[in-house]
Structures are given as structure tokens and as C-alpha cells.
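Just so you know, ligand 1 is whichever comes first in the structure, and atom 1 is the first atom listed for that ligand.
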Amino acid sequence: MANTGKARAYTNIALIKYWGKKDDDLILPMNSSLSLTLDAFYTETTVHFDETLKEDQFYLNQTLQNPTQTKKTTRFLDLVRHEAGITTPAIIESTNYVPTAAGLASSASGFAALAGAASLASGLELDLQALSCLARRGSGSATRSIYGGFVEWQMGSNDLDSYGVPIDDASSWDLAMLFVVVNQKEKVISSRDGMKQTVATSPFYSGWLESTAKDLITIKEAIKEHDFQKLGETMESNGLKMHATMLGATPPFTYWEPDSIQAMQFVAELRQEGIPCYFTMDAGPNVKVLCHKSDLPKIKAKFATIFQETQLITAYPGPGIQLSKGDFY
Ligand code: ADP
Ligand code: DP6
Ligand code: CO
């Protein structure tokens, strides 16, 4: 159908974190970051521009969203409409195959899919770089969900030079990520508010920025050298440093729950036993464990002794965004 666009985008988990903006409107980050796109969690979105509508209608998981919930989506579509020279309202239908707002990166897959579907529906012909810039305006982490595998979000300095760059599709690696879902409820402090509060008030923030620039160089070396230990150690320490900045904020806050700490300590124990694996956490209580594919069954079985099977989700490196004007599912 004309005026319709569809997209499927996968979530990504940052190994080197984005935490803080230097421009809230353009969503320009304070530092470059690097992620791995995953195959287990994704969003599918359809956008249809329709002259007969009075305003945008946003359905998330088959539920019509109220005006407050729709505001971010409408503001994002306004960017697309402006670029395409139209004012037509749209019906947006999105399904998250990932818990929403739980620290499992729904904003990354959500806004990447919305950018893809909306640009297609509006007739904008964007290359992947421009699509990455557009997705960034919805949510910073969405910048990286345009591509599969390892992706660097180069911070840049303006709207046009802050985008994702594919580094390695990870197909020559033997990687897996185990998600330990401690709590999939919506978080109390959104990523957006959490990072803003941290940049504004945490005395640890300057130390974070300094060390994250070094971590990015180290992790890119590790990717080039296929050095799993270096990759994992750098990822783990970078994530911990990000979480440390939040304890220094005013008022202080943390996304950790008791089970998050238990899972992190368990990873350290598994390493003591000689199983190479490393953790990271985002703006939420859930723990992600990076390991070799071949070690995954063993690691999952060990985790199953302290967590329920339903809390353990396996993921592998995932693909980039998939776009269609018609049906491809
Ligand atoms: P997460 O850890 O899930 O990324 P965030 O706090 O970063 O949590 O972002 C959650 C917000 O992202 C939601 O409240 C909503 O505004 C937006 N979002 C999530 N999924 C979608 C989607 N499919 N389409 C549009 N916006 C979405
Ligand atoms: C901790 O991209 O969700 O997951 O740009 O405000 O939408 P907004 O925030 P978001 O922040 C992600 C923070 C993080 C780290 C990361 O993904 O790099
Ligand atoms: Co997010």
C-alpha cells in the first residue's frame, strides 16, 4: 500500500556505554559508544500516513496509547514529516518483542524500527547513515540498531556527523549473550532522566568520560585481535564505571537490585571455575552475560541453579534493520 512502511529492528547492548548528552534536542552524546546487536529481542513497526486522520494514533503491543505516551512518537514523526514536506497524521502499529522500558533496550529497537518505517512511508529515501542519524533523534541507542554485529556510535559534533558505523558483523566470532532477567517491569527512572541527572550532578562524571574514551580504543583493539578476554574485561569494567557515576549523583540512585548483584557475583565465580564470561548492565536491573557460544549451555545450566529457566534468555549476534513497503513477515 502506498504511504505505508514497515521495519524490523533488533535491540543492541552497549559494551562501551553511552551515558550523557551534550545536546538534548539533537541527542548528541558526550562520548562515543560501541554495541553488539542481538537476535533475541526486536521491534516490528508499521507506519501508515492517512489523510483522513485528525492526529497520530499510536498502538504499542495492540494497545492504543494515550496522548502522553504518544507524544514522543508524534515529535519524532514531525521530524520525518518536516523532512518529507508533508503534514499528514499517521497510524503507527508497533510490537515490542522485548519488555518495554525495563533496561533491555526497547528504545533502541523501537526508534530504529520507527525511523525505518516512517521514512519509507513518507517517501524519504535515506541511506543507512542518514537513517542512523534519524533514529538517533528518537533515542540515542537506536543509532546503533541500524546495523548488525558490533557497531560504534561515533559521537560527532552535529546532527549530520553523529551516527552508527558497523565495525564487524561478528560472524567470525563464537559469541553469545545470556540475559538474566531479574525484573522486566518498567523502570522508575528512564535512561533519559537518569543520564541527565548524572551529567548535571555527579562528581564522578568527568572520570567516567576520560576512562570511557580509553576503553573504546581498547575494545576496538580487542575486536580486531579477536581477543575475547580483553573484550570481556573492558566491557565489564566500563559498565561498572557507568553505574558508579549514578551513586555520585544528587540525589543518588542505582538500577541494581539484590538479584542483579547475585548474578554479577555468580559470573565472577564462574570465571574462578575457569569458564570465560563477563557481565554488563544497562539502565535497569537485568544482567547480560557475554560468553563463547560453546560455553553457553554450561553457563545457562549453572545459572538455572539460582534463577528460573524463564528468567534466562539466550541471544546471539543479530542483523541490521529490515525494511519493507509490503509484507515480509
Ligand atoms: P529501555 O531500557 O527499554 O530502552 P528507555 O527508558 O530507554 O528504556 O526507553 C523506554 C521508552 O522508549 C518508552 O517509554 C517509549 O517512550 C520508547 N519506546 C519503547 N518501545 C517503543 C516502540 N516500539 N515505539 C516507539 N517508542 C518506543
Ligand atoms: C545505559 O538510548 O535509552 O543503555 O537517548 O535518552 O533515549 P535516550 O537514552 P537511551 O540510553 C541508553 C543508555 C544505556 C547505555 C547504552 O545503550 O549505550
Ligand atoms: Co533505552
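- Of the N and O atoms on the side chains of D215 and T234, not one donor lies less than 3.5 Å from an acceptor on the other residue.
- Close contacts of ligand 1 with A102, meaning ligand atoms under 4.0 Å from a residue heavy atom, involve 3 (O).
- Between D24 and K21, none of the side-chain N atoms (NZ, or NE/NH1/NH2) sits under 4.0 Å from a carboxylate O, so this pair counts as no salt bridge.
- Here the heavy atom of the protein found nearest to atom 19 (C) of ligand 1 is S106 OG, 3.4 Å.
- Residue K196 qualifies as open at atom NZ: its count of foreign heavy atoms under 6.0 Å is 12 or below.
- Among all protein heavy atoms, the one lying closest to atom 15 (C) of ligand 2 is Y18 O, 3.3 Å.
- Among all protein heavy atoms, the one lying closest to atom 17 (O) of ligand 2 is R144 NH2, 2.8 Å.
- The closest donor-acceptor contact from the side chain of T4 to the backbone of A121 lies at 3.5 Å or more, if one exists at all.
- The closest donor-acceptor contact from the side chain of Q57 to the backbone of L64 lies at 3.5 Å or more, if one exists at all.
- The closest approach between F76 and ligand 1 stays at or above 4.0 Å for every heavy atom of the residue.
- For the residue pair D50/T52, the side-chain donor-acceptor check at 3.5 Å is satisfied.
- Residue-level proximity to ligand 1 for L104 is carried by the backbone, the only part with a heavy atom below 4.0 angstrom.
- Here R192 has no heavy atoms under 4.0 Å from ligand 1, in either its backbone or its side chain.
- Ranking protein heavy atoms by distance to atom 13 (C) of ligand 1, first place goes to T100 CG2, 4.3 Å.
- Here the protein heavy atom with the shortest distance to atom 14 (O) of ligand 1 is A101 CB, 4.4 Å.
- Clustering ILVMFWY residues whenever any of their side-chain heavy atoms sit less than 4.5 angstrom apart, transitively, puts F41 in a cluster other than the one holding Y316.
- In summary, K302 and E269 do not engage in a salt bridge, as defined by a charged side-chain N under 4.0 Å from a carboxylate O.
- With a heavy-atom cut-off of 4.0 Å, S191 touches ligand 2 through its side chain alone.
- For residue S106, no N/O/S atom approaches the Co ion (ligand 3) to within less than 2.8 Å.
- Side-chain atoms of T143 and S162, non-hydrogen and from C-beta on, never get closer than 4.5 Å to each other.
- Under a 4.0 Å heavy-atom criterion, R136 is not in contact with ligand 2.
- In this structure a side-chain-to-backbone donor-acceptor pair under 3.5 Å is present from Y255 to I189.
- The residues R271 and E236 are annotated as salt-bridged, a charged nitrogen and a carboxylate oxygen being separated by less than 4.0 angstrom.
- At a heavy-atom distance under 4.0 Å, no atom of A113 approaches ligand 1.
- For K17 and D282, the salt-bridge test passes: some basic side-chain N is under 4.0 Å from an acidic carboxylate O.
- The shortest contact between atom 7 (O) of ligand 2 and any protein heavy atom is with S139 OG, 2.6 Å.
- Heavy atoms of S94 found under 4.0 angstrom from ligand 1 belong exclusively to the side chain.
- Using a 4.0 Å cut-off between heavy atoms, R137 makes no contact with ligand 2 at all.
- Against a heavy-atom cut-off of under 4.0 Å, S191 is close to the following atoms of ligand 1: 5 (P), 6 (O), 7 (O).
- Remark: ligand 1 atoms within the under-4.0 Å shell around heavy atoms of T43 are 23 (N).
- Within ligand 2, the atoms closer than 4.0 Å to a non-hydrogen atom of G140 are 2 (O), 5 (O), 7 (O), 8 (P), numbered from 1 in the order shown.
- For ligand 1, the atoms sitting less than 4.0 Å from at least one non-hydrogen atom of S190 are 6 (O), numbered in the order shown with element in parentheses.
- In this structure, the side chains of S172 and H226 come closer than 4.5 Å at one or more pairs of heavy atoms.
- Contact annotation: L114 has no heavy atom less than 4.0 Å from any atom of ligand 1.
- Listed by number with element, the atoms of ligand 2 under 4.0 angstrom from any heavy atom of K21 are 5 (O), 6 (O), 8 (P).
- By the 30° and 60° cut-offs, the orientation of the rings of H292 relative to F228 is tilted.
- Numbered from 1 in the order shown, with element, the atoms of ligand 2 that lie under 4.0 Å from a heavy atom of M195 read 9 (O), 11 (O).
- From the protein, the heavy atom lying nearest to atom 2 (O) of ligand 1 is K187 NZ, 2.7 Å.
- Residues F307 and F266 keep their aromatic ring centres 6.0 Å or farther apart.
- Annotation for ligand 2: atoms under 4.0 Å from non-hydrogen atoms of A283 are 1 (C).
- Near F58, with a cut-off below 4.0 Å to any heavy atom, the atoms of ligand 1 are 24 (N), 25 (C).
- Annotation: side chain of C277 is not in contact with side chain of D295 (no heavy-atom distance under 4.5 Å).
- Judged by the shortest distance from any of its heavy atoms, G103 lies inside the 4.0 Å radius around the atoms of ligand 1.
- Using the six-membered ring where Trp is involved, Y42 and Y10 have ring planes that are tilted, between 30° and 60° apart.
- Among all non-hydrogen protein atoms, the one lying nearest atom 27 (C) of ligand 1 is F111 CE1, 4.2 Å.
- In the vicinity of M242, heavy-atom distances shorter than 4.0 Å reach the ligand 2 atoms 1 (C).
- A donor-acceptor contact closer than 3.5 angstrom is absent between the side chains of N96 and S106.
- Given atom 11 (C) of ligand 1, the protein heavy atom at minimum distance is K72 NZ, 3.9 Å.
- In terms of polar-atom proximity, defined here as any N/O pair under 3.5 Å, D282 does make such a contact with ligand 2.
- Those atoms of ligand 2 that come under 4.0 Å of a heavy atom in A14, given as number and element, are 16 (C), 17 (O), 18 (O).
- Summary of contacts: the protein heavy atom closest to atom 12 (O) of ligand 1 is S107 CB, 3.5 Å.
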Verdict with supporting geometry, K224 and D168, salt bridge (charged side-chain N to carboxylate O under 4.0 Å, His left out): CA-CA 9 Å; K224 244 196 206 132; D168 179 325; over 6 Å; no
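- Note on ligand 1: S139 sits outside its first shell, no heavy atom being nearer than 4.0 Å.
- Close contacts between ligand 2 and S141 involve ligand atoms 2 (O), 3 (O), 10 (P), 17 (O) [criterion: under 4.0 Å to a heavy atom].
- The shortest contact between atom 20 (N) of ligand 1 and any protein heavy atom is with N96 ND2, 3.0 Å.
- Residues T11 and S109 have side chains that never bring a donor and an acceptor to within less than 3.5 angstrom of each other.
- Considering backbone and side-chain atoms together, S107 places an N or O closer than 3.5 Å to an N or O of ligand 2.
- With respect to the salt-bridge test (charged N to carboxylate O, under 4.0 angstrom), the residues D78 and R81 qualify.
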